[in-house]
Amino acid sequence: MCGIAGHLNFAATTEHESIAVNVQNMCQAIAHRGPDEQGLYRSPNFPLVLGHQRLSILDLASGQQPLKNQAGDLVIVFNGEIYNYRALRDQLKALGHCFRTESDTEVLLVSYKEWGEQCVKHLKGMFAFSIWDNNKQSLFCARDRLGIKPFYYYSDNDCFVFSSEIKGVLANRCVNKQFNIEPLSDYLATSYGPGTQTFFKNLYKLPPAHTLSIRAGHIALKRYWSITDAQSGTSSQNFEEAASRFKTQLRQSIQMRLVSDVPIGAFLSGGLDSSSIVALMSEQLQQPVLTHCVGFNDKGLDERKYAQNVSHFLKTNHADQLVDIDVGATLDKIIWHMDEPFADASAIPTYYLCESTRQRVKVCLSGDGGDELLAGYSWY
C-alpha cells in the first residue's frame, strides 16, 4: 500500500510554505504505508500541495509520485493498483496518447486526460487517488467500488485536507480537532463505524464508488457505481451456470492481481477461500506459490495443520510460524493503526500474520470477503 495526502486552501493568498509544512507532517504520520519514497508537489499558482508515501510494487525505476503528465497541467497522487492498466494503456495509445513510464499511475492520469471524471468507469482495481487540474484549478478525488482503499477528508470554510488515514489528516495544523459523538451509536451496534462520519467533526470518509470534485471552493460528491449495476443478465442462471461463471471470474480476477514487479505471495489458512485462491494461483504461476500462515498456542486458533495439508497438495513454498500473542504489548500499536474504535478481535491475529509475512514478500492475496460473498457463516 501507499499513502496519499493533500492540502488545498480556499483563500488564494495563503503562503505555500506553511501548506507544504502541513503536508510534510501528514506524510510523516503515514510513512509506514510507503517507506520506500516520499514526494511533494506544490502548485505554481495556487495554494495546493500534494504528498505521497510510496511502497514500490510496479515500475520500480520510474513510478515516483506525485506524477505530472507530459503537458504539466495535471498531477496525481494515487494509492492502489489498476489491474487492467495494460489494456487501458493500449487503448489510450490507439487514441494518440504517449507514455513515459510503465506504471499504472500514468495510465490512470492519462485516462483522466481522455475521459475526465468518467475515467473511474474504465478502471478495474483498488484505488484512492486525487488529481489536480492546474488549468481548471480543480481537484478530482475518487475511491474504488468497494472501498478497499481508504480516503479521509476534512473540510471547513478555509481548506480541504485529505489523507489515506485519519492520523494523516490530524497531523495537519489547520485541522480543528473536535470529538464527534454522532457515530457512537452505530459503533456500539455494529462494532465499527459505518457510513461517512468519523469520530472527528468535519472529518469524513469518501464513500466507496464515489468521486469528489472541488472547484472554486465548492465540493461535489457523485456516485459512479452500484452493486445493482453488475446484476444484469444473472437472474435467469441456474446453479451450475452461476458456479461456472463464478469460477471463471475468480480465475480472471486472480490473474489480474498477479501483475507485479515484486514477488507475490498468499495467506493460507487451509480454509475454502484461501485454498481456492492458492490453487488458482498455482495454475498460473511458473514457480511455487509463496504461502504464509501463523499458528497460536490456542488450539482453537491454530490452523497450521490445515494450511500444511493444502501446501503439500499444491506444492507451495510454505512458511508458518508459531506466534505467542502478547495483547498487552501490541494492542496500543494496533489501535493506533485503526485510527477509530474497531471491536473485531480478528485484527490482532491479522496483525501478527502480516508482520510475519512481510519478512518474505510485499504483496499477498487473501480470502477476505469470501465469507460475505458466499454466505460462509450461519448468520449470512
Pair up each side-chain donor or acceptor in residues 135-143 with any protein partner under 3.5 Å, not counting sequence neighbours, and list the distances.
from	atom 1	to	atom 2	distance (Å)
Asn135	ND2	Asp73	OD2	3.2
Arg143	NE	Lys149	O	2.6
Arg143	NH1	Leu206	O	2.6
Arg143	NH2	Gly147	O	3.0

Atom pairs and distances, donor-acceptor, side-chain atoms in residues 312-319, under 3.5 Å, two or more places apart:
from	atom 1	to	atom 2	distance (Å)
Thr316	OG1	Thr291	OG1	2.8
Thr316	OG1	Ser311	OG	2.6
Asn317	OD1	Arg360	NH2	3.1
His318	ND1	Thr291	OG1	2.7

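Other residues, nucleotides and ligands contribute over 12 non-hydrogen atoms within 6.0 Å of the NZ atom of Lys177. Within 6.0 Å of the CG atom in Asn238, the count of heavy atoms belonging to other residues, nucleotides or ligands exceeds 12. Within a 6.0 Å radius of NZ in Lys68, other residues, nucleotides and ligands contribute 12 heavy atoms or fewer. The environment of Tyr306 atom OH is sparse: at most 12 non-hydrogen atoms of other residues, nucleotides or ligands sit within 6.0 angstrom. Within a 6.0 Å radius of CG in Leu322, other residues, nucleotides and ligands contribute more than 12 heavy atoms.
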Applying salt bridge (Lys or Arg N to Asp or Glu O under 4.0 Å), run through Lys201 and Glu182 and close with a yes or a no. CA-CA 9 Å; Lys201 290 184 178 180; Glu182 291 294 325; over 6 Å; no
When you look at Val49 and Ser43, which way does the side-chain contact (heavy atoms from CB on, under 4.5 Å) test go after all the steps? CA-CA 6 Å; Val49 177; Ser43 172; over 6 Å; no
side-chain contact (heavy atoms from CB on, under 4.5 Å) for Asp344 and Tyr192? Distances and angles first, verdict last. CA-CA 8 Å; Asp344 187 344; Tyr192 75 107; over 6 Å; no
Could you go through the side-chain contact (heavy atoms from CB on, under 4.5 Å) check for Phe267 and Ser274 one step at a time? CA-CA 7 Å; Phe267 296 145; Ser274 65; 5.6 Å; no
Set out, in order, the CA-CA distance, both residues' side-chain angles and the distance that settles ring pair (Phe, Tyr, Trp, His ring centres under 6.0 Å) for Trp132 and Phe46, then state yes or no. CA-CA 10 Å; Trp132 172 250; Phe46 208 79; 5.2 Å; yes
Worked verdict on Ile277 versus Ile254 for side-chain contact (heavy atoms from CB on, under 4.5 Å): CA-CA 7 Å; Ile277 289 171; Ile254 290 171; 4.1 Å; yes
Set out, in order, the CA-CA distance, both residues' side-chain angles and the distance that settles salt bridge (Lys or Arg N to Asp or Glu O under 4.0 Å) for Asp36 and Arg54, then state yes or no. CA-CA 5 Å; Asp36 294 333; Arg54 187 187 185 199; over 6 Å; no
Dump the intermediate steps for ring pair (Phe, Tyr, Trp, His ring centres under 6.0 Å) on Tyr204 and Tyr153, then the final yes or no. CA-CA 5 Å; Tyr204 305 96; Tyr153 69 94; 5.7 Å; yes
Please walk me through it: do Glu17 and Arg42 pass salt bridge (Lys or Arg N to Asp or Glu O under 4.0 Å)? CA-CA 9 Å; Glu17 190 57 38; Arg42 307 182 190 195; 3.0 Å; yes
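Under the 4.5 Å side-chain heavy-atom criterion for ILVMFWY residues, no single connected hydrophobic cluster contains both Phe239 and Phe246. Under the 4.5 Å side-chain heavy-atom criterion for Ile, Leu, Val, Met, Phe, Trp and Tyr, Trp336 and Val169 are members of distinct hydrophobic clusters. With hydrophobic clusters built from ILVMFWY side chains whose heavy atoms lie under 4.5 angstrom apart, Phe78 shares a cluster with Phe99. Under the 4.5 Å side-chain heavy-atom criterion for grouping Ile, Leu, Val, Met, Phe, Trp and Tyr, Leu40 is not connected to Val21 through any hydrophobic cluster.
One side chain, Lys121 or Gln118, offers a donor N or O that lies under 3.5 Å from an acceptor on the other. For Asn172 and His7, the side-chain atoms include at least one donor-acceptor pair closer than 3.5 Å.
For His210 (side chain) and Pro208 (main-chain N/O), a donor-acceptor pair under 3.5 Å exists by modelled atom type. Of the possible polar contacts, one joining the Asp104 side chain to the Ile82 backbone as a donor-acceptor pair under 3.5 Å is found. In this structure, Ser111 contributes its side chain and Val107 its backbone to a donor-acceptor pair below 3.5 Å. Remark: the backbone N or O of Lys124 is paired with a side-chain donor or acceptor of Asn84 at under 3.5 angstrom. Of the possible polar contacts, one joining the Thr350 side chain to the Ser346 backbone as a donor-acceptor pair under 3.5 Å is found. Remark: side-chain polar atoms of Gln178 are not paired, donor with acceptor, to backbone N or O of Phe200 under 3.5 angstrom. Between the side chain of Asn9 and the main chain of Cys159, no donor-acceptor pair closer than 3.5 Å is present.
Within the 4.5 Å cutoff, side-chain heavy atoms of Thr248 are placed close to those of Gln252. Side-chain atoms of Thr211 and Val120, non-hydrogen and from C-beta on, do get closer than 4.5 Å to each other. The shortest distance between side-chain heavy atoms of Lys205 and Glu340 falls below 4.5 Å. A heavy-atom distance below 4.5 Å is not found between the side chains of His292 and Asp320. Put simply, the side chain of Val75 reaches to within 4.5 Å of the side chain of Leu50, judged on heavy atoms. Under the 4.5 Å side-chain criterion, counting only non-hydrogen atoms from C-beta, Leu8 is in contact with Ile214. Contact of the Ile76 side chain with the Asn69 side chain is not registered, since no non-hydrogen atoms from C-beta on lie closer than 4.5 Å. Between Tyr224 and Arg145, the closest side-chain pair of non-hydrogen atoms falls below 4.5 Å.
Note on ring orientation: taking the six-membered ring where Trp is involved, the planes of Trp115 and His122 are parallel (angle under 30°, cut-offs 30° and 60°). Between His337 and His32, the two ring planes are perpendicular [angle over 60°; tilted spans 30° to 60°]. Ring pair Phe179/Phe199 is parallel by interplanar angle, where below 30° counts as parallel and above 60° as perpendicular. Taking the six-membered ring where tryptophan is involved, the planes of Phe151 and Phe162 are essentially parallel, since the angle between them stays under 30° and well short of 60°. Note on ring orientation: taking the six-membered ring where Trp is involved, the planes of Phe129 and Phe127 are tilted (angle from 30° to 60°).
Minimum interatomic distance between Phe160 and Ile219 (heavy atoms only, all atoms of both residues): CD1-CD1, 3.9 Å. Heavy-atom minimum distance, Ser163 versus Ile30: OG-CD1, 3.8 Å. When every heavy atom of Gly125 is checked against every heavy atom of Tyr83, the shortest pair comes out as CA-CD1, 3.4 Å. Heavy-atom minimum distance, Tyr352 versus Val294: O-CG1, 4.1 Å. Taking every heavy atom of both residues into account, Ser275 and Val310 meet most closely at OG-CG2, 3.4 Å. Closest heavy-atom contact between Ser213 and Glu117: CB-OE2, 3.6 Å.
The residues Glu283 and Arg251 are annotated as salt-bridged, a charged nitrogen and a carboxylate oxygen being separated by less than 4.0 angstrom. In this structure, Arg257 does not pair ionically with Glu81, as no charged nitrogen and carboxylate oxygen lie closer than 4.0 Å.
Evaluated for a side-chain hydrogen bond (donor to acceptor under 3.5 Å, both in side chains) with Gln53, the options Glu37, Arg33, Gln28, Gln38 yield exactly one hit, Gln38.
To the nearest 0.5 Å, the span separating CG on Leu353 from SG on Cys293 amounts to 7.5 Å.
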